[in-house]
Amino acid sequence: MMLHLSSQIIGCGSYLPERILTNAELAQQLETSDEWIMARTGIRQRHIAAEGELTSDLATSAAERALVNAGVTAAEVDLIIVATSTPDDTFPATATRVQAKLGSTRGAAFDLQAVCSGFVFALATANNFIRAGQVQTVLVIGAETYSRIVDWSDRGTCVLFGDGAGAVVLRAANGAGGETAAPVGNRARGILSTHLHSDGRFRDILYVDGGPSSTQSVGHLRMSGKEVFRHAIASLTAVAEEAVAANDLKLTDLDWIVPHQANIRILDGVGRKLGLPAEKVIATVDRHANTSAASIPLALDVASSDGRLKAGDLVLMEAIGGGLTWGAVLARW
Ligand code: UT7
């Protein structure tokens with residue numbers, strides 16, 4: 001019998017801070033307007049973490065909900081990966097704080113840094129750990145507090161971002177070692193393939209102007225929006241094509257795309273280039289804004305809770321972020 005190692009998302013959860021910041025409120029502090037923000041980005045509001053509320057708090061709440069949704073206890077988790085570029089502290093990893101807050105002392109926990117692509121990179125990493133037979137159950141979390149690193153005087157960036165967290169529980173399919181019976185190939189439920197890319201030459205179009213080694217300060221987010229926009233459309237289109245082709249599938253086989261939520265114009269543009277109807281593109285950017293590594297698991301939780309994502313659906317998750325980094329995960333839900 002062929003040994004087929006695979007991993008499957010068995011639960012999702014998310015958490016958004018209580019405080020909602022509307023475009024109208026921003027327009028009172030900055031030279032901007034609800035009309036401009038809506039027309040250029042599709043964002044109408046964002047959530048902002050309360051004073052003292054940390055990335056690890058958001059991550060823990062999302063993780064607790066994902067565990068409940070999956071019917072798994074914290075004691076069963078072998079590995080916790082937190083994708084974040086806004087960690088609580090320089091070290092230790094936010095993931096180890098989440099582990100402690102969940103009351104677990106088992107297994108390992110670490111952070112992964114790929115900015116807005118962080119969740120896709122973390123999911124790919126977790127999938128590889130499972131496929132290697134090293135772990136059974138992984139909490140994959142995207143959690144961010146970008147409100148702490150945006151420059152609130154820069155209207156070109158601060159209106160775009162929000163805080164939040166999303167989590168999934170990834171488990172080896174059919175127990176020990178992930179050995180599973182048929183169906184296999186592109187009909188099997190679970191993660192079918194992962195596709196990761198980076199190109200550090202584009203560092204300067206999206207970065208934070210601070211850090212422990214460079215400036216010994218936290219710094220602020222800086223972005224050349226137009227440049228990033230151009231890369232986003234091209235790279236997200238290419239990596240979607242790469243993912244379906246790798247599985248002998250066609251773009252028309254996709255039931256859903258769950259892209260990183262940066263700008264509705266990017267979501268629409270990629271959907272159009274791929275020839276997919278807008279109904280197949282899960283969009284939450286209007287209410288969450290850009291939550292970086294948290295945006296995909298937040299969107300997954302919305303689409304799974306409202307019944308859009310159904311068992312057996314073909315789902316493409318894809319993202320691009322600072323680095324540049326970009327990638328995709330193709331899964332059968
Ligand atoms: O998550 C990582 C990935 N990040 C992204 O994917 C972001 C990608 N980029 C974008 O989403 C878009 O480029 C933005 C939303 C950031 C900007 O949209 P744009 O259509 O590229 O506008 P722009 O930067 O060319 O700005 C157009 C005008 C400028 O004025 P002038 O120079 O034409 O007079 C800006 O100064 O809009 C002005 N502007 C604003 N006006 C009102 C910039 N920000 C604002 C604002 N309110 N908040």
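All ligand and atom numbering here is 1-based and tracks the order in the structure. Heavy-atom basis, side chains included; hydrogens, waters and symmetry copies ignored. These numbers come from a predicted model, not from an experiment.
- Close contacts of ligand 1 with L160, meaning ligand atoms under 4.0 Å from a residue heavy atom, involve 15 (C), 16 (C).
- Here the protein heavy atom with the shortest distance to atom 19 (P) of ligand 1 is R40 NH1, 3.5 Å.
- Atom numbering of ligand 1 starts at 1 in the shown order; those under 4.0 Å from a heavy atom of L206 are 2 (C).
- By the 4.5 Å heavy-atom criterion applied to side chains, V218 and I149 are counted as neighbours.
- At a 3.5 angstrom cut-off on N or O pairs, T32 counts as close to ligand 1.
- Some N or O of G225 is nearer than 3.5 Å to an N or O of ligand 1, by distance alone.
- For the residue pair S147/D163, the side-chain donor-acceptor check at 3.5 Å is satisfied.
- The neighbour count for Q216 CD, taken as heavy atoms of other residues, nucleotides or ligands under 6.0 Å away, is above 12.
- Cluster annotation: V281 is connected to I43 through the hydrophobic network of ILVMFWY side chains, with a link wherever side-chain heavy atoms come within less than 4.5 Å.
- Here V115 has no heavy atoms under 4.0 Å from ligand 1, in either its backbone or its side chain.
- Of all protein heavy atoms, the one lying nearest to atom 38 (C) of ligand 1 is R155 NH2, 3.6 Å.
- Distance from atom 21 (O) of ligand 1 to its nearest protein heavy atom, with residue and atom name: K226 NZ, 3.2 Å.
- Within the 4.0 angstrom cut-off, atom 11 (O) of ligand 1 has one or more protein heavy-atom neighbours.
- Every atom of ligand 1 is numbered from 1 in the order shown, and the set under 4.0 Å from a heavy atom of N263 is 10 (C), 11 (O), 12 (C), 15 (C).
- In this structure, I141 is not a member of the same hydrophobic cluster as L123, with clusters built from ILVMFWY side-chain heavy atoms closer than 4.5 Å.
- Looking only at atom types and distance, the side chain of T145 has a donor-acceptor partner in the side chain of T55 under 3.5 Å away.
- Residues L192 and L314 are in side-chain contact: their nearest non-hydrogen atoms beyond the backbone lie under 4.5 Å apart.
- Closest to atom 1 (O) of ligand 1 among all protein heavy atoms lies N290 ND2, 2.6 Å.
- Within ligand 1, the atoms closer than 4.0 Å to a non-hydrogen atom of R265 are 18 (O), 20 (O), numbered from 1 in the order shown.
- For atom 33 (O) of ligand 1, no protein heavy-atom neighbour is present inside the 4.0 Å cut-off.
- Close contacts between ligand 1 and A262 involve ligand atoms 1 (O), 5 (C), 6 (O) [criterion: under 4.0 Å to a heavy atom].
- Considering backbone and side-chain atoms alike, T41 places every N or O at 3.5 Å or more from each N or O of ligand 1.
- A donor-acceptor contact under 3.5 angstrom links the side chains of D154 and T157, judged on distance only.
- Between R332 and D313 there is no salt bridge, since no side-chain N of the basic residue sits under 4.0 Å from a carboxylate O of the acidic one.
- Distance from atom 44 (N) of ligand 1 to its nearest protein heavy atom, with residue and atom name: W36 CH2, 3.3 Å.
- Side-chain atoms of Q261 and S295 include no donor-acceptor pair closer than 3.5 Å.
- Remark: D89 engages R97 in a salt bridge, criterion side-chain N to carboxylate O under 4.0 Å.
- With ligand atoms numbered from 1 in the order given, ligand 1 contributes 1 (O), 2 (C) to contacts under 4.0 Å with heavy atoms of C116.
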In sequence, state the C-alpha distance, the side-chain angles, and the governing distance for K101 and D57, and then conclude on salt bridge (charged side-chain N to carboxylate O under 4.0 Å, His left out). CA-CA 8 Å; K101 286 176 184 180; D57 295 319; 2.7 Å; yes

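- The protein does not reach atom 24 (O) of ligand 1 closely, with no heavy atom under 4.0 angstrom from it.
- Side-chain atoms of E144 come within 3.5 Å of backbone atoms of A293 as a donor-acceptor pair (strictly under, hydrogens ignored).
- With a heavy-atom cut-off of 4.0 Å, I266 touches ligand 1 through its side chain alone.
- The nearest protein heavy atom to atom 29 (C) of ligand 1 is not closer than 4.0 Å.
- For ligand 1, the atoms sitting less than 4.0 Å from at least one non-hydrogen atom of V228 are 3 (C), 4 (N), 5 (C), 6 (O), numbered in the order shown with element in parentheses.
- Annotation for ligand 1: atoms under 4.0 Å from non-hydrogen atoms of M223 are 4 (N), 7 (C).
- Heavy atoms of A232 found under 4.0 angstrom from ligand 1: none, in either backbone or side chain.
- Put simply, no part of L26 is less than 4.0 Å from ligand 1, judged by heavy atoms.
- Taking a cutoff of 4.0 Å between a charged side-chain nitrogen and a carboxylate oxygen, R171 and E76 qualify as a salt bridge.
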